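From a predicted model like this one, the values you see are computed outputs, not experimental measurements.
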Amino acid sequence: MTTTSPAATRSGGLRTGVQRFGTFLSGMIMPNIAAFIAWGFITMLFIPAGFFGADSPFGSAWHWAPVAEIIGGGGDSAAIGWNGAMTAIAEGDGGNFFAYVGLVGPMVTYLLPLLIANTAGRMVYGERGGVVATIATMGVIVGTNIPMFLGAMIMGPIAAWITKQMDKLWDGKIRPGFEMLVNNFSAGILGMILAIVGFFAFGPVMLGVSAVLGAAVDWLVSLNLLPVVSIIVEPAKVLFLNNAINHGVFTPLGIEQAADTGKSILFLIEANPGPGLGLLLAFTFFGVGAAKASAPGAAIIQFFGGIHEIYFPYALSKPTTILALIAGGAAGVTTNMVLGGGLGFPAAPGSIIAVTAAALGGGVGNVLVVYLSVLIAAAVTFFITAVILRASRKRDLAAEGDSFGAAIAQTEANKGKSSAAMDSLRASSAAAGAAAGTGTATAVATTPIQNVVFACDAGMGSSAMGASVLRNKFKKAGIEGVTVTNQAIANLDGTADLVITQQQLTDRAKAQSPNSVHVSVDNFMNAPQYEEVVEMVREQRESGE
């Protein structure tokens, strides 16, 4: 099989390793975001500080709301909360166990960590790995007294990997007819052993790790140094290195805080859409050429759609603007830290709509504080970026085409970039890209194309938009019977007839699905290769008639 426009990818290195690690962490969390949102809404509505909780103005008025039963309290008092339920269970009050069980506590204590563990296990070793990972993580959960998200993110992959190594020991050595017996009992026994190890050894270790990370965050807060984290987070976002920090530290610790207080500032350190909005607005008013023309649309998608990657090429085209992003991010964190703003659950994607939903649990005052943090972050970034762009406007007018085109290529080299607002940007630089030998080439398919898969790191935002674009092109061309889907590269199973990826991800996609036709594109939203794919499928259909 042939592939199009092979990208100049760099293997190895610290940055690539961190990217892969961050992608793996993201792969554990992102498929389960819906469960986090469900739990967040339940806590938002029914914990004592929520809309129908005992501490809210509606707590005594809305008698129909089964607050006590939902948060756990056996009908005695809504104010008991899930912490009281978990305390009673931890103290061995077996007689009142079912009286205390509600929704909030069990979901954050059991459901969410087990979902993460199962997802992680499946990523390493399929369904079998997911089952053993879930069993092992249950031991870690029961052996601790805090939500064990970090434990699930570590024990899950380890348990699945051990299962995989165990199966290799007798691969091909089992007598026919005994496979199910051996597989089920070996997985069950291994799961039991790992659960016991998790209970007695791994759980206490993870308690210590969580305590250290929590103490570090508390130390930063006590010294008013939490905004300094933006020095790491904002550049890391532009280089696609933020997932390791966000999903490895902020999300687990943030959920623990949200379970205790109903919200956490940690959910807003990376997800705040303000810095990106400020950067794009500055390019809208003070940018030049394609950057200026595409920035308004990019701002809409970044702010309301939550696709933060769209502003990365703008920052890379003018690296000094990263300083503006750092300042804006720090300003937003400072606002939330001083005024007590936070989110009740992770805002994914980082859209103002998702941010609003996650902030509602803290009441109207919390929503206003969060909005203020977004506004201040955007304003600070805007003004600093405006100064930078105005100072270099003459040079940018002379070199805009090359610098912005190079920034897009660099963004694609870092991870892969796409968004609806990039249509006009890519159109203005497509000719230059073709002349340079990028974004061109053809694919040759020797089998009928019926299953097309767009693949990216997470398999969600950018690849989903690309799949939507190609589906519309097939529809306009009158071509039916072609399935176009999107998924993470790690989940490619070799069944796709054609796989479309950004240039720097094609090699990884080939390794996962070597027998597929592979097409590399510069931008998922506006790639000329889509026309070639449509034409290739059309010719196949015509020649087959």
**Message:** Determine whether I269 and L266 satisfy the following criterion, side-chain contact (heavy atoms from CB on, under 4.5 Å), listing intermediate values before the conclusion.
**Reply:** CA-CA 5 Å; I269 292 179; L266 300 180; 3.8 Å; yes

**Request:** Any chance you could measure M337, atom CE, to N224, atom CG, to the nearest 0.5 Å?
**Result:** 4.5 Å

**Item:** Chi angles and distances behind the side-chain contact (heavy atoms from CB on, under 4.5 Å) call for M153, I29
**Value:** CA-CA 9 Å; M153 295 171 75; I29 298 293; 4.2 Å; yes

**Item:** Residue pair I231 / V228, side-chain heavy-atom distance below 4.5 Å
**Value:** yes

**Message:** With a 4.5 Å cut-off on side-chain heavy atoms, are L225 and W219 touching?
**Reply:** yes

**Non-hydrogen atoms of A455 and V499 that approach each other most closely** = CB-CG1, 4.2 Å

**Message:** Within this structure, what is the CG-CD1 distance for the pair L339 and I376, rounded to the nearest 0.5 Å?
**Reply:** 7.5 Å

**Asked** At their closest point, which heavy atom of S264 faces which heavy atom of Q257, and how far apart are they?
**Response** OG-OE1, 2.7 Å

**Request:** Over all heavy atoms of both residues, which pair between Q302 and P273 is shortest? Give the atoms and the distance, please.
**Result:** NE2-O, 3.2 Å

**Item:** Spatial distance of atom CG (L360) from atom NZ (K263) [nearest 0.5 Å]
**Value:** 12.0 Å

**Request:** For F24 and P157, work out which heavy atoms get closest and say how close.
**Result:** CE2-CG, 3.7 Å

**Message:** Please determine whether side-chain contact (heavy atoms from CB on, under 4.5 Å) holds for the pair I352 and L277, giving the CA-CA distance in whole Å, both sets of side-chain angles, and the decisive distance to 0.1 Å.
**Reply:** CA-CA 11 Å; I352 190 62; L277 176 65; over 6 Å; no

**Request:** Nearest 0.5 Å please: distance from the CG atom of L112 over to the CH2 atom of W39.
**Result:** 7.0 Å

**Request:** Assess the side chains of S392 and K318: does a donor N or O sit below 3.5 Å from an acceptor N or O?
**Result:** yes

**Item:** pair E270-V233: side-chain heavy atoms closer than 4.5 Å
**Value:** yes

**Request:** For the pair K292 (side chain) and T284 (backbone), establish whether a donor and an acceptor sit closer than 3.5 Å, ignoring hydrogens and angles.
**Result:** yes

**Message:** Looking only at the side chains, is there a donor atom on one of T356 and Y371 sitting less than 3.5 Å from an acceptor on the other?
**Reply:** yes

**Prompt:** Checking T335 side chain against S373 main chain: does a donor-acceptor pair fall under 3.5 Å?
**Reply:** no

**Side chains of I255 and F267 in contact at under 4.5 Å (non-hydrogen atoms)** = yes

**Prompt:** Between T381 (side chain) and G278 (backbone), is there a donor-acceptor pair under 3.5 Å?
**Reply:** no

**Request:** In sequence, state the C-alpha distance, the side-chain angles, and the governing distance for Y110 and F149, and then conclude on ring-ring contact (aromatic ring centres under 6.0 Å, His included).
**Result:** CA-CA 10 Å; Y110 302 108; F149 294 96; over 10 Å; no

**Item:** Interatomic spacing from CG in L213 to CE in M206 - rounded to 0.5 Å
**Value:** 8.0 Å

**Request:** Show the numbers, then the answer: is there a side-chain contact (heavy atoms from CB on, under 4.5 Å) between L279 and F382?
**Result:** CA-CA 5 Å; L279 181 82; F382 173 84; over 6 Å; no

**Asked** Side-chain donor-acceptor pair under 3.5 Å between T321 and T385, yes or no?
**Response** no

**Prompt:** Between F286 and Y314, is the ring centre distance below 6.0 Å?
**Reply:** no

**Beyond-backbone contact of Y311 with K237, side-chain heavy atoms, under 4.5 angstrom** = yes

**Request:** Indicate the atoms forming the closest heavy-atom contact of L280 with A295, along with that distance.
**Result:** O-CB, 3.5 Å

**Prompt:** Within a strict 4.5 Å, meaning less than it, do heavy atoms of the I326 and P235 side chains meet?
**Reply:** yes

**Prompt:** Under 3.5 Å, is there a donor-acceptor pair between the side chain of N486 and the main chain of A467?
**Reply:** no

**Request:** Mind listing the closest non-hydrogen atom pair of G342 and N336 along with its distance?
**Result:** N-OD1, 4.4 Å

**Item:** Side chain N472, main chain S468, donor-acceptor under 3.5 Å
**Value:** yes

**Asked** Is the side chain of H308 donor-acceptor paired with the backbone N or O of G350 at a distance under 3.5 Å, no angle test?
**Response** yes

**Request:** Decide yes or no for I500 and Q529: does some side-chain heavy atom of the first lie under 4.5 Å from some side-chain heavy atom of the second?
**Result:** no

**Asked** Does F345 have its ring centroid less than 6.0 Å away from the ring centroid of F36?
**Response** no

**Asked** Is there a side-chain contact between L114 and I141, using heavy atoms and a 4.5 Å cut-off?
**Response** yes

**Request:** Any chance you could measure L343, atom CG, to L268, atom CG, to the nearest 0.5 Å?
**Result:** 3.5 Å

